[in-house]
Structures are given as structure tokens and as C-alpha cells.
Q: 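Supplied in C-alpha cells, the structure appears directly below.
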There are 4 protein chains.
Amino acid sequence: MQVSSLEDVQTSDQMHKAGRPRSEESHRAILDATRRLLTHNSVAKLSVEAIAKKAGVGKTTIYRWWPNKQAVVMDAVFSQPGFHNILPASASSFDGVRAQVDKLMRQLSGKNGRVVAEIIGEAQGDPEALKNLVENFFQDRYNALAGYLEQGKDSGEFPADLDIEAAIDVILGPIVFRLMTGQDFDAAFEENVSLMLRKALAA
Amino acid sequence: MQVSSLEDVQTSDQMHKAGRPRSEESHRAILDATRRLLTHNSVAKLSVEAIAKKAGVGKTTIYRWWPNKQAVVMDAVFSQPGFHNILPASASSFDGVRAQVDKLMRQLSGKNGRVVAEIIGEAQGDPEALKNLVENFFQDRYNALAGYLEQGKDSGEFPADLDIEAAIDVILGPIVFRLMTGQDFDAAFEENVSLMLRKALAA
Amino acid sequence: MQVSSLEDVQTSDQMHKAGRPRSEESHRAILDATRRLLTHNSVAKLSVEAIAKKAGVGKTTIYRWWPNKQAVVMDAVFSQPGFHNILPASASSFDGVRAQVDKLMRQLSGKNGRVVAEIIGEAQGDPEALKNLVENFFQDRYNALAGYLEQGKDSGEFPADLDIEAAIDVILGPIVFRLMTGQDFDAAFEENVSLMLRKALAA
Amino acid sequence: MQVSSLEDVQTSDQMHKAGRPRSEESHRAILDATRRLLTHNSVAKLSVEAIAKKAGVGKTTIYRWWPNKQAVVMDAVFSQPGFHNILPASASSFDGVRAQVDKLMRQLSGKNGRVVAEIIGEAQGDPEALKNLVENFFQDRYNALAGYLEQGKDSGEFPADLDIEAAIDVILGPIVFRLMTGQDFDAAFEENVSLMLRKALAA
DNA sequence: AGGTAACCGAGACGGTACGTCACGTCTTTAC
DNA sequence: GTAAAGACGTGACGTACCGTCTCGGTTACCT
């Protein structure tokens, strides 16, 4: 997988040794074409050949930088600005959790949600892909939540014996569940789940 | 989809008109072969051709009774005895919920879990498949849980304003989440999540 | 290789066991398309994909019956009626040889000659292909010539100690040589070579 | 084509203007690598990329000096010392012809023969390549033979009306024929063919 | 008892996409 | 200006399955 390989290339100014440098134009064109095609097709029906054609790029160029279709799709989707996981400061720890949950639900609304659901789905058959998915998508959310939860345990807002891992399962689970069962996120769901989470995490 | 098509054919004793009757031997052989192959391959790498060969059956016979690979796989997996969802009676409503959760986790342990994860995954690209999945797998669990939750609301064990749908998301979510992120179900997870669910559902 | 596989199928009336029978229409379409394309392209630039497209046939169907492009081309070219090697009766043995030589030169004139030259050329890199080429093209000519030469030895028209194999090399060599060096066959060549052959074979 | 481009560059000592001079080391390395690879692979399976890698040279360097793979191979093979066509003096004209024939057969024995056969083969699809092949390989042999034949005509050893071109076809034909049909050159072939040639050329 | 209808296995069919390979070109830095 | 390095667009390869089709044959019911 190659999420944000852009940075890799530019590490410490000019580390580029010899040979023609990677074409950033092609790189961009590939991810653009992938995103474009995903608005009309499912991941399953998306083909590397179609991406190459749409991007005006050789198939080889795609396979040179990504090992397979899934990797391209993950890169294309997760490198979108909306998917960066920057944490807003919050008054209480639970507000932080809630903000995180809201943000994720917003990210998974509409087309993007379907695509992410398919990405999660396609990764099920391949342990490597699943590992990459966790690293490139879930890890950030996990870390952010873990931060809030630790903070809440320290401040006494959450129980001192709270199991962080299980808490995150309870927080992210409902979202992923709705995503994978094809239901969308409405205000009622958000409100009702939030209510239960508050009680579940209460000290 | 065609889960337990066996029953469909025999409805009201003998209503089949003319022609050679469906071969139950082939039917069984197909599902057996599918299960057998799934212990060595992922759903994605499983091919209808391989099933036909292993079952000693023509490809046509498979396509006559199931519309595609996913349907065969769902049938093969969900028709296993362990996947029947018979509810045990429980003292308290929460115990019922907890029993249901435990059972599901047991069903999704080991190989079966991986296969179900893949089934859920493969269904993401196809709304029809997703609908079938929900009907054939999640609906039963949903109904069972809804029963306990209603009962708990009536008895005052759970809050009177409890939103059933959201509660089920919170109950099933963590399990599906762990399933789809490749983590297995250990005793600690079961215990810690149960603790939080109890608080979340407390009146 | 699969030259005249048509016959193979019809061996002893109806030997067809089970499954959909081979489509003779596709078979014909493939060879036709190949011949058609060879009038505009060299063998090297001919692609199996192009044949499949032009014939309105799946690539798989071609690979099911021929192992590679060369085999298809050989089949397409050598199954043409003009390439059948039926021997005319002759007054003298040398006339038979001469007739055979004339016929071969006629077969290798124009487009067909170029294609055969390419077939011989492409076979050089692959011993298997070379063996097939000899069996499917040269063997017939060899046998026909060997017949005339034996007959001439018996009748005293040719020397009693004539080495058949070497004689055939001397007879066919000049033709193949001109073919492979890109020169065509004119009346002068035919006449002058014939003159020398007559002397070379004289008793 | 660029056979023995070595000479071209060094003409009149030092006439190179500016910039880095051509690397003779690379030039040698390319031809060496080509020869080396040809002992294990057929020309068809030989790739410019493999040559470049084996020679420790950029692909560009190869394409700067030769137009394509065939040209490199021809250069590599025909620039070998054994392929120079120096004529030995002969008592009779036929002995000269025979010596020339023997030499060619020796040159085309073993690995070299296979490679030349492939070179001739690969040239069939491309008129330009065929022209180069004739110029770089056959022309010398043609000229040498034409010399002997003219001399034999003048001296009365050969018929006065002998057609030189046809005679050369008859002389070289059998050798090329055996080469292209995959048979090697044994003493018997050499002797028997020589016998027939002597009769064919007799005055 | 014979007809007929739906089933069955086998396996060929037109397709689509795969991931790989080599082509000949282009674009860097280094000498 | 030439060299090595190596990325680029192109196009074909041979393979794997898809879901459909067409065979010869089999089993049952329904006249």
C-alpha cells in the first residue's frame, strides 16, 4: 500500500538518486480517475484497466506503485482532505469522543460511506489488505479516541477501570455496523446512540 | 437468493407437476463442496467452477438453483445447524440480550467468522445482496434482541424511552466491528463490553 | 498444433461424448479471420487478440484449440485448398520432380510465400514448432519427391547410388533459399535451376 | 543497421568534437552480453532489457547505437572472428566453390547455426531487416562464389552459358534449407551434395 | 405404455479483467 | 554530450472465471 506516497518522495528535500523521477502528474491522474470512476461504479466493478484508460496512463504505472486495485482505491479515498483526522479541542472528554464520532459519521455519509464499506468488505479476504486498512484508516480514529478515554479516566470523568479497547469497540461498532448493513446515519441515530454511550462511559 | 430451497419445493406435500425432480443429492453435494472449499480458500478465491468440479455437478445445476456464488455461500454457511437462532429463556431481559450476544460471538468464532465477514464484505457492492444478507442473517438476531428489549422496557428493566433500533446497533455493532477488523472474540472483550452494555441499557 | 482438426472430430461418424460440441462456425471464423488479417499484416504483427476480435470469438476459444499464434497461422495457411499436395502422374521421373518443384514455387508465390517464409522464420526459435512445421508442410513434399527419386533410381533414369535425402536438399534448397532471402520466383530462375537439377540427377 | 560501428567512430584518429566520448567498454560489453545470452536463450526470448542488465549498461545506450534487437544480434554474431569470409586460393574453380561451401557449413554448425537460423527467421517479417541481413551476411558469400563461377566460366571448367545467380541459389540453397529445417551438417550430406553440385556445374 | 417435461453431467462459447513482459521513448543526475 | 538509471505509455500475452448455451441422457408424472 502507498498512502500519501507524495511525502515519501520528497523526504529531506532532494534524495532522488538517478533515473527519470516519478511522474507526479500520473500519480495525481490515477487517484483522480479512481475517485471519478467510484462515483459511478462500485469498487468491485472498478477495473485497473479502466483507471489506466481514464487517467491516460499505462497499466504498468499503476502496478509499479500499488500492488492491486484495493490499494489504489484506499489511497484515492483516504488521501482526500476530508479524511484527515485532525482533533478539535474539547471541554470534556466525552465531548471529544462525541466530536470524533460525529466527524466519522460525516466522513461516512453518502458516496464515501459506500466506498469505505466496500473497501472494508474487499479487505476481508486478504489479511494483508485488512492490516493495511486498519493502519491507514482505523488506527488514527483509534488513537484519537484512546487519547480522550485516557484523559477521561485521569480526570475521573470515566471509570478508573475502563477498558480502553472495549470502549472503542463500543464507540466505533455501531457506526461500522450501520455502515455495513446499508443503513445511513440520521440525526436520531446519532442522538440515541450518543445517549447510550454517555451512560456506558459514565464513572 | 434461495436459502433452504428444500422447503420451497416440498411445500404442501407433492405439488410438483411433471419432469424429473430436483436431485437432492446434487443439492447436498454442492453445499458440502462449498463448505469444504471454504475451509481452504477465501470466498473471493472460491469459484463456481471449483464448486461444480468438487461436487461432481454441472455448472448449470448450480446456476439453476442459485443466482450467483454469494447466494451459494450464504446458503452453505447459514444452513449449518450451528447458525439456527433458537432463543433460550432467560430470567432477566438483559440476560437474554447477553445470551444472544454470547451465541452470536460463538457463531462467529474461528473459520465461520472469517467466512461471514467475507459474506458481509462481498455484499457491500450489491444492494440486492446486502438486502438478502440482512434478511437471511441479521433479521433473526434483530428480532430476537428486539423482543428482549421490548420486554425489558415493559418490565422497567430498561428505560421507557429506549430506542430499540439504536440499542441494537449498540449491541451488535461491537461484535461486527471486531469481526470486520480482524480481531477475535476473547473472554475479556466479552466481559468488558457486557459491562458497558449493562450500563448503557440501565433504566 | 491442430492442422485439419475438422477431420479429428468427425472420426468414425459420431464419437462425440458429452458437453456442447465444438462450434465449427467459430473454427472456420478463426481461420478465415487469420487469413484475412495476414493479407494486411505480417505474422509477427498479427495478434491473437486481433484474430479473436475479427472472428467475433473469445480469445479462450482460440487457445482451447491451438497452443499459440504460430499454430493458428500454420493451420490457416496450410489448410487452404491450394496447399494440398496432390501428385500429377508424369512420363519421366524427372518430369515428376520438375512438376513438384513448379507446384511448390507456385504455392510460394505472392502473399502466401511471404507468410510461409515468416512461418518458417518464427519456427526457428522453438524446436517443437519446427517439428510441426516439418510434419505439416515439408513432409508431404519430401515424400512426393522421394517417390519420384526412387522410381527414377529403379528405372535407371537417375544414378543407382543417388542419396535421396541429399537430392531432396538440392531440389528444395534453392526454392527455400530464394524464399528466405526475399527474392521471388521468375521464369528464368525456374528454367536455369531446372537445367542444373537435370544435370545433377543425370545417371 | 550498424555492423562494426567501431570503425566509424575512430576514423582519422581524433575527430570527436565535444562531450563525453563514446564508451568502447560499453560497446564491447553489449556485444559480449548478447553473445553470452544467446548461448542460453533463443533470439526471440532475448530481450534488450536483459542485454542492458547483463552488460551493466543503460537501455538508452543500446538504442543510441543500434535501431533494435535484431541489429544488435547481427552485430554480435557476425562480428565474431570466425565469421569473416576470407577466401583461400584454390587450384580449380570448383574447389573454390567447395571450399566456400565447407566454410559456410562449418560456420553454421552448432549454436551459431541456430542463431543464424533465427536471425534469418526474424528478418522475414521486416523487409528492411531482410535487406540488412543480405548485405551483412549473404553478400560476401555471394560475391565470393560469383568470383569462382566467373573464373570457371572463363576457364571452361563451367558451362559458358551458366547463370551465376541460379548457380548460387543451387549452391547455397541446400545449406540454408538444412539449416532452416533443423537438420545439422554431417559428412555424408557434405559429400553427397558436393557430388551433385559437381555434376550440375560440369561444362 | 408412451409422451413429455424438467432435470442432470459435461463442457464449449463470447466475454472481461487479470497481472506480467518487453517494447522503444523520455527525463533525470553524474561524469 | 554521453552514460546509467529507471519511469513512462503502449500493446499483447496467456490464464482464470463469469454466466450462458447446447449436447446426449435420465427420471418422473400424465395421459
Side-chain angles (χ1 to χ4, degrees), chain A residues 14 16-27 45-50 52-53 55-65 67-69, chain B residues 14 16-23 25-26 45-53 55-65 67-69, chain C residues 14 16-23 25-27 29 44-50 52-53 55-65 67-69, chain D residues 16-23 25-26 44-53 55-69:
Chain A
Q14 308 290 14
H16 155 60
K17 287 276 168 44
R20 182 174 177 173
R22 174 175 186 175
S23 161
E24 279 311 324
E25 193 176 318
S26 293
H27 183 250
K45 297 201 171 177
L46 178 67
S47 74
V48 174
E49 243 149 29
K53 190 168 184 179
V57 141
K59 229 189 333 176
T60 326
T61 302
I62 297 179
Y63 282 110
R64 201 187 330 271
W65 301 108
N68 50 52
K69 184 177 68 177
Chain B
Q14 311 285 17
H16 111 78
K17 287 276 166 44
R20 180 175 179 172
R22 171 173 189 178
S23 161
E25 196 178 351
S26 293
K45 297 199 171 176
L46 179 68
S47 74
V48 174
E49 245 145 30
I51 296 173
K53 191 169 184 181
V57 142
K59 243 196 314 182
T60 325
T61 304
I62 298 179
Y63 281 109
R64 203 189 323 273
W65 301 108
N68 51 49
K69 182 176 71 177
Chain C
Q14 308 290 12
H16 158 59
K17 287 275 168 44
R20 181 175 178 173
R22 175 174 185 176
S23 161
E25 193 177 317
S26 293
H27 183 251
K45 296 202 173 179
L46 178 69
S47 75
V48 174
E49 242 149 30
K53 190 168 184 179
V57 141
K59 226 187 337 175
T60 325
T61 302
I62 297 180
Y63 282 110
R64 204 189 326 272
W65 301 108
N68 50 51
K69 185 177 67 178
Chain D
H16 103 80
K17 288 279 165 42
R20 182 173 176 173
R22 172 171 186 182
S23 161
E25 196 177 350
S26 293
K45 296 199 173 177
L46 178 68
S47 73
V48 175
E49 245 145 28
I51 296 174
K53 190 168 184 180
V57 142
K59 242 196 315 181
T60 326
T61 304
I62 298 179
Y63 281 109
R64 203 188 323 275
W65 302 108
W66 295 271
N68 51 49
K69 183 177 69 176

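In what follows, every chain begins at residue 1, and chains take the letters A, B, ... in the order their sequences are listed. Below, each value reflects all heavy atoms present in this structure, side chains not excepted, and no hydrogens, waters or symmetry copies.
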Q: In whole Å, what is the span from the CD1 atom of A/Ile62 to the C1' atom of F/dC8?
A: 13 Å

Q: If you look at every heavy atom in B/Gly58 and B/Ala52, which pair is closest and at what distance?
A: C-CB, 4.3 Å

Q: With sequence neighbours left out, write down each residue that passes side-chain contact (heavy atoms from CB on, under 4.5 Å) with A/Ala55, or none if nothing qualifies.
A: A/Ala29, A/Ile30, A/Ala33, A/Val57

Q: Who are the side-chain hydrogen bond (donor to acceptor under 3.5 Å, both in side chains) partners of C/Ser47, not counting sequence neighbours?
A: none

Q: Could you give the angle between the helix axes at the two ends of the helix from E/dA1-F/dT31 to E/dC31-F/dG1, with five pairs per end, rounded to 10 degrees?
A: 10°

Q: Specify the separation, in whole Å, of atom CD of A/Glu25 and atom P of F/dA7.
A: 17 Å

Q: For C/Thr60, enumerate each residue passing the side-chain contact (heavy atoms from CB on, under 4.5 Å) test, keeping only those at least two apart in sequence or located in another chain.
A: C/Arg64

Q: To check you understand the geometry: which heavy-atom pair defines the closest contact between A/Ser23 and A/Ser26, and what is its length?
A: OG-N, 3.0 Å

Q: Strictly under 3.5 Å: I want the nitrogen or oxygen pairs between protein and nucleotides 13-17 of chain E, one per line.
A:
{"residue": "E/dC13", "atom": "OP1", "partner": "C/Ser23", "partner atom": "N", "Å": "3.0"}
{"residue": "E/dC13", "atom": "OP2", "partner": "C/Arg64", "partner atom": "NE", "Å": "2.9"}
{"residue": "E/dC13", "atom": "OP2", "partner": "C/Trp65", "partner atom": "NE1", "Å": "2.9"}
{"residue": "E/dG14", "atom": "OP1", "partner": "C/Ser26", "partner atom": "OG", "Å": "2.8"}
{"residue": "E/dG14", "atom": "OP2", "partner": "C/Gly58", "partner atom": "N", "Å": "3.4"}
{"residue": "E/dG14", "atom": "OP2", "partner": "C/Thr61", "partner atom": "OG1", "Å": "2.7"}
{"residue": "E/dG15", "atom": "O6", "partner": "C/Thr60", "partner atom": "OG1", "Å": "2.4"}

Q: Could you state the CG-P distance from D/Asn68 to E/dA22, rounded to the nearest angstrom?
A: 17 Å

Q: B/Thr61: which residues meet the side-chain hydrogen bond (donor to acceptor under 3.5 Å, both in side chains) condition with it, sequence neighbours left out?
A: none

Q: Between D/Ile51 (CD1) and E/dG24 (P), how many Å, whole number?
A: 11 Å

Q: In chain order, what residues pass the salt bridge (Lys or Arg N to Asp or Glu O under 4.0 Å) check against A/Lys69, with sequence neighbours excluded?
A: none

Q: Could I get the full list of salt bridge (Lys or Arg N to Asp or Glu O under 4.0 Å) partners for D/Glu49, not counting sequence neighbours?
A: D/Lys59

